[in-house]
Amino acid sequence: MLDVSELIKRLDKYYPNPQTSLNYGNPFELLVATILSAQCTDVRVNEVTKTLFQKYRGPRDLAEANLTELEEDVRPTGFFKNKAKNLKNCAAQIVARFNGRVPNTLDELVSLPGVGRKTANCVLGSAYGIPGIVVDTHVARISQRLGLTDHEDPVKIEFALMELIPKDHWVDFSHQIILHGRAVCQARKPACPQCRLNDLCRYYHGTLRN
DNA sequence: CTCCCGATAT
DNA sequence: ATATCAGGAG
């Protein structure tokens, strides 16, 4: 089994002070940016939110947005019809049910339209400092490659990682793996020879034999 | 499991 | 041509 404490030590060394690369000024903006980040690069999300956050100052603005107009506002992030509808409905529920404040529990966040566990844990960790493992495409892929888990279901991966990773490292671990996934351990063509975790990695040792 | 979206990398 | 990009809902 992989040496988890060595893995964490390595991640802290190579990815110190990890943070989300989504731009935001408050929990609501982070929630919006994270909803938009589905199947889209964070660079493109940041381009869209730069003007979006000026146009819609908070959940009340977004709840009253013209849907067709909002669709055009978020179009570059892809899935724009779903995202626009979810953002508008999500904002409306935040106003109606939570007095305009983004909730700070997993159950309440997940109850909002367009918000799943990945988005919820993202907001909890970065906006509220509440520990959670963010299982996105990077965390799922790299957890499997390293050999941290054999599960493919994101929820099962999340619970497996919560058992393996100390709670005070959950948020940093998520960001570090995502950074590593973008820079080194890409989905298509992972840079295994340059990877500074490869001596710990099941995938690396496996691919060399084949 | 499919659909939603389109730009980009391979 | 096809897989991938900070996923979620029906």
Side-chain angles (χ1 to χ4, degrees), chain A residues 11 15 18-24 27-50 52-53 67-94 102-103 106-128 130-145 151-159 161 165 170-192 203 207:
Chain A
L11 289 172
Y15 302 100
Q19 290 179 355
T20 172
S21 47
L22 296 171
N23 296 333
Y24 67 98
F28 180 71
E29 289 187 354
L30 177 60
L31 177 62
V32 171
T34 308
I35 289 173
L36 291 177
S37 72
Q39 296 293 299
C40 179
T41 63
D42 56 328
V43 175
R44 194 173 297 275
V45 172
N46 288 334
E47 290 172 359
V48 166
T49 54
K50 183 175 182 182
L52 193 71
F53 293 157
L67 186 56
T68 307
E69 195 175 331
L70 184 57
E71 287 177 356
E72 291 309 310
D73 292 331
V74 303
R75 177 187 276 271
T77 67
F79 299 160
F80 62 95
K81 290 189 177 180
N82 284 338
K83 287 177 181 176
K85 177 160 53 70
N86 285 335
L87 284 177
K88 183 174 164 69
N89 292 337
C90 182
Q93 293 198 20
I94 288 172
V102 176
L106 185 68
D107 288 342
E108 289 174 320
L109 282 166
V110 167
S111 76
L112 296 168
V115 180
R117 295 185 69 93
K118 178 261 168 183
T119 299
N121 278 316
C122 205
V123 170
L124 288 175
S126 294
Y128 292 126
I130 297 172
I133 303 266
V134 177
V135 181
D136 69 337
T137 176
H138 294 296
V139 173
R141 178 181 69 254
I142 294 173
S143 295
Q144 293 163 355
R145 283 182 177 167
H151 290 301
E152 295 187 359
D153 174 22
V155 178
K156 291 182 178 176
I157 294 174
E158 181 185 333
F159 278 84
L161 291 177
I165 310 296
W170 286 357
V171 175
D172 280 355
F173 174 84
S174 303
H175 289 136
Q176 286 163 335
I177 293 294
I178 289 164
L179 290 171
H180 188 65
R182 280 210 297 260
V184 181
C185 193
Q186 294 110 337
R188 294 255 195 143
K189 194 178 130 194
C192 295
Y203 179 83
T207 52

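Remember, predicted model here, so these are calculated numbers, not experimental data. Numbered from 1 within each chain, the chains take letters A, B, ... in sequence-line order.
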Look at all strands and tell whether A:Thr119 reaches a base, only sugar-phosphate, or nothing, counting heavy atoms closer than 4.0 Å.
sugar-phosphate
Sugar-phosphate, base or nothing in reach of A:Val134, heavy atoms under 4.0 Å
base
Non-hydrogen side-chain atoms of A:Ile94 and A:Leu31 separated by less than 4.5 Å
yes
B:dC4 versus C:dT4 - spacing of their C1' atoms, nearest Å:
15 Å
Under 4.0 Å between a side-chain N/O of A:Thr34 and OP1 or OP2 of C:dA6, yes or no?
no
note: A:His180, atom NE2; C:dA6, atom C1'; distance rounded to Å ~ 16 Å
Side-chain N or O of A:Arg182 versus OP1/OP2 of B:dA9: is the shortest distance under 4.0 Å?
no
Going by ring pair (Phe, Tyr, Trp, His ring centres under 6.0 Å), name the residues that satisfy it together with A:Phe79, two or more places apart in sequence or in a different chain.
none
To the nearest angstrom, the CG-P distance between A:Asn89 and C:dA9 comes to 11 Å
Considering every strand and a 4.0 Å limit on heavy-atom distances, what is the contact class for A:Thr41: base, sugar-phosphate, or nothing?
sugar-phosphate
At 4.0 Å (heavy atoms only), tell me whether A:Leu112 reaches a base, stays on the sugar-phosphate, or touches nothing.
sugar-phosphate
Using the P atoms only, state how far C:dG10 lies from B:dC5, rounded to an integer number of Å.
14 Å
Sticking with atom P, work out how far C:dG8 lies from B:dA7, rounded to a whole angstrom.
23 Å
Which part of the nucleic acid, if any, lies within contact of A:Lys118, taking any heavy atom under 4.0 Å across all strands shown: a base, the sugar-phosphate backbone alone, or nothing?
base
Just checking A:Ile35: base, sugar-phosphate only, or nothing, at a heavy-atom cut-off of under 4.0 Å?
nothing
